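Step one of this worksheet: look at the structure below.
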Amino acid sequence: QLQLVESGGGLVQPGGSLRLSCEASKFTLDYYAIGWFRQAPGKEREGVSCISSRGGSTNYADSVKGRFTISRDKTKNTVYLQMNSLKPEDTAVYYCAAGLRIGSLNVGEYDSWGQGTQVTVSS
């Protein structure tokens, strides 16, 4: 089974930056669209960004557009989410997910999920 592992979360002040990484254990991500999602306590999981299997197509939620950048490095079998100008409302557990269908910000399009990494934005 495809296993995904997120890393890079932590505590950062408003306006700061973090880079999250998503890696697959043992299997290549070349054939998968990858999405980043987040979930705050008591709230629904929401799509943040996604990238196509080739990396040529990306999409972002309106709330993060202009601040976050998704990319993939196939030589490292890794997908990144660069998060700049972080706000307290960005605080959540962030998950990466993989799907064989066309990637989107819809949770239902993804079958494999990582364990999540905590991002806390606070002064």
Side-chain angles (χ1 to χ4, degrees):
Q1 300 296 314
L2 180 64
Q3 294 180 275
L4 302 177
V5 179
E6 305 96 334
S7 62
L11 175 64
V12 64
Q13 290 186 283
S17 298
L18 286 172
R19 188 178 73 164
L20 306 183
S21 298
C22 176
E23 298 176 298
S25 298
K26 299 184 179 181
F27 299 96
T28 180
L29 293 177
D30 285 356
Y31 301 107
Y32 296 91
I34 301 295
W36 282 99
F37 299 81
R38 65 187 182 187
Q39 187 167 24
K43 301 189 69 175
E44 298 289 329
R45 188 168 299 186
E46 63 174 341
V48 176
S49 183
C50 60
I51 188 167
S52 63
S53 60
R54 288 191 172 93
S57 180
T58 60
N59 195 18
Y60 300 90
D62 289 340
S63 60
V64 307
K65 193 171 298 182
R67 300 188 297 120
F68 291 10
T69 302
I70 191 171
S71 63
R72 64 193 306 162
D73 185 344
K74 297 204 171 187
T75 65
K76 298 180 179 179
N77 200 32
T78 301
V79 176
Y80 302 99
L81 183 68
Q82 178 66 45
M83 306 186 295
N84 298 326
S85 302
L86 284 163
K87 306 174 181 179
E89 50 263 44
D90 294 319
T91 296
V93 176
Y94 283 70
Y95 301 88
C96 68
L100 289 174
R101 302 173 69 88
I102 296 174
S104 73
L105 298 181
N106 185 351
V107 170
E109 291 288 330
Y110 300 87
D111 294 321
S112 300
W113 295 81
Q115 82 289 343
T117 184
Q118 178 71 48
V119 172
T120 302
V121 184
S122 176
S123 59

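Residue numbers start at 1 and run along the sequence shown. Just so it is clear, the structure is predicted and the values come from calculations on it, not from any experiment.
The main-chain N or O of Ser104 is found under 3.5 Å from a side-chain atom of Tyr110 such that the two form a donor-acceptor pair.
To the nearest 0.5 angstrom, Leu20 atom CG is 8.0 Å from Phe68 atom CZ. Interatomic distance, Arg72 CZ to Ser53 OG, rounded to the nearest 0.5 Å: 6.5 Å. Residue Ser21 holds its OG atom at 9.5 Å from CG of Leu81, rounded to the nearest 0.5 Å.
Linking Ile, Leu, Val, Met, Phe, Trp and Tyr whenever their side-chain heavy atoms come within less than 4.5 Å puts Val107 and Val93 in one cluster. Hydrophobic clustering, with ILVMFWY side chains joined whenever heavy atoms are under 4.5 angstrom apart, groups Leu2 together with Ile51.
Within 6.0 Å of NZ on Lys74 lie more than 12 heavy atoms contributed by other residues, nucleotides or ligands.
The disulfide (SG to SG under 2.5 Å) check on Cys50 picks up nothing, with sequence neighbours excluded. Legend: residues meeting side-chain contact (heavy atoms from CB on, under 4.5 Å) with Ser71, ordered by chain and number and at least two apart, are Tyr80. Asp111 is linked by a side-chain contact (heavy atoms from CB on, under 4.5 Å) to nothing, counting only residues two or more places apart in sequence or in another chain. For Thr69, there are no side chain to side chain donor-acceptor pair (under 3.5 Å) partners two or more places apart in sequence or in a different chain. For the side-chain contact (heavy atoms from CB on, under 4.5 Å) test, residues two or more places apart in sequence or in another chain that qualify with Val12 are Leu18, Leu86, Val121. Partners of Glu23 under the salt bridge (Lys or Arg N to Asp or Glu O under 4.0 Å) rule, at least two apart in sequence or in another chain, do not exist in this structure. For Arg67, the side-chain contact (heavy atoms from CB on, under 4.5 Å) partners two or more places apart in sequence, or in a different chain, are Val64, Ser85, Lys87, Asp90.
Screening residues 83-108 for ring-ring contact (aromatic ring centres under 6.0 Å, His included) gives no qualifying pairs among residues at least two apart or on separate chains. Within the structure, salt bridge (charged side-chain N to carboxylate O under 4.0 Å, His left out) contacts touching residues 39-61 (residues at least two apart or in different chains) are Arg38-Glu46. The ring-ring contact (aromatic ring centres under 6.0 Å, His included) analysis of residues 44-63, with sequence neighbours excluded, yields no pairs. Each side chain to side chain donor-acceptor pair (under 3.5 Å) pair with one or both residues in residues 112-123, not counting sequence neighbours, appears once here: Glu6-Gln115, Gln118-Thr120.
Asn77 and Ala24 make their closest contact through ND2-O, 3.7 Å (heavy atoms, listed as atom of the first residue, atom of the second, distance). The nearest pair of heavy atoms linking Ala40 to Ala92 is N-CB, 3.9 Å.
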Table please: side-chain donor-acceptor pairs of residues 25-37 below 3.5 Å, with sequence neighbours left out.
unit_1: Thr28; atom_1: OG1; unit_2: Asp30; atom_2: N; d: 3.1
unit_1: Thr28; atom_1: OG1; unit_2: Asp30; atom_2: OD1; d: 3.3
unit_1: Thr28; atom_1: OG1; unit_2: Asp30; atom_2: OD2; d: 3.4

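For the pair Cys96/Val79, no side-chain contact is recorded, criterion being any heavy-atom separation below 4.5 Å from C-beta on.
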